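Everything below concerns the one structure shown next.
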Amino acid sequence: MEKGKNGFNFKSPLLLFVIIWSIIWKGIALWHAARNRQLPWFLSLLIVNTVGLVEIIYLIFFRKDRKLNE
């Protein structure tokens, strides 16, 4: 396995899993924030990278339920 200058393995399955995990949660959260026209949430989710933690919190607690609004 190849290691970078700092000794970190860039082909690590764990790193690949974390990247995929983060992209999935970020995509779902950004989609909901854009659909609900929540610009502050959209921008913060887009800029801040927290490996999916803020995205999951947003989806559970702050996402608007569109069925109640229609």
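Bear in mind that the values here come from a model prediction, so they are computed numbers and not experimental data.
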(request) Give the cluster check for Ile28 versus Leu53: same hydrophobic cluster or not, with ILVMFWY residues linked at side-chain heavy-atom distances below 4.5 Å. (result) no
(request) Tell me whether Trp31 is reachable from Leu46 by hopping between hydrophobic residues (I, L, V, M, F, W, Y) whose side-chain heavy atoms are closer than 4.5 Å. (result) no
(message) Let me check something: do Val48 and Phe61 share a hydrophobic cluster, defined by ILVMFWY side-chain heavy atoms less than 4.5 Å apart, either directly or through other members?
(response) no
(request) Could you tell me which residues satisfy side-chain hydrogen bond (donor to acceptor under 3.5 Å, both in side chains) with Ser44, sequence neighbours excluded, listed by chain and number? (result) none
(request) Might you work through the side-chain contact (heavy atoms from CB on, under 4.5 Å) test for His32 and Tyr58, ending with a clear yes or no? (result) CA-CA 9 Å; His32 280 284; Tyr58 165 76; 4.1 Å; yes
(request) Determine, using the 4.5 Å side-chain heavy-atom cutoff (strictly less than), whether Leu30 and Ile20 are members of one ILVMFWY cluster. (result) yes
(message) Nearest 0.5 Å, please: how far is CZ in Arg63 from CZ in Arg35?
(response) 9.0 Å
(message) Measuring from atom CH2 of Trp41 to atom NZ of Lys64, what distance do you get when rounded to the nearest 0.5 angstrom?
(response) 12.5 Å
(request) Please tell me if the side chains of Phe62 and Gln38 come closer than 4.5 Å, counting only heavy atoms from C-beta onward. (result) no
(request) Would you kindly confirm whether Ile24 and Val54 end up in one hydrophobic cluster when ILVMFWY residues are joined by side chain heavy atoms under 4.5 Å apart? (result) yes
(message) Donor-acceptor check, side chain of Lys26 to backbone of Leu45, threshold 3.5 angstrom: yes or no?
(response) yes
(message) Show the nearest heavy-atom pair for residues Gly52 and Ser22, with the distance to one decimal.
(response) N-OG, 4.3 Å
(request) Taking ring-ring contact (aromatic ring centres under 6.0 Å, His included) as the test, write out the residues that go with Trp25, two or more places apart. (result) Trp21
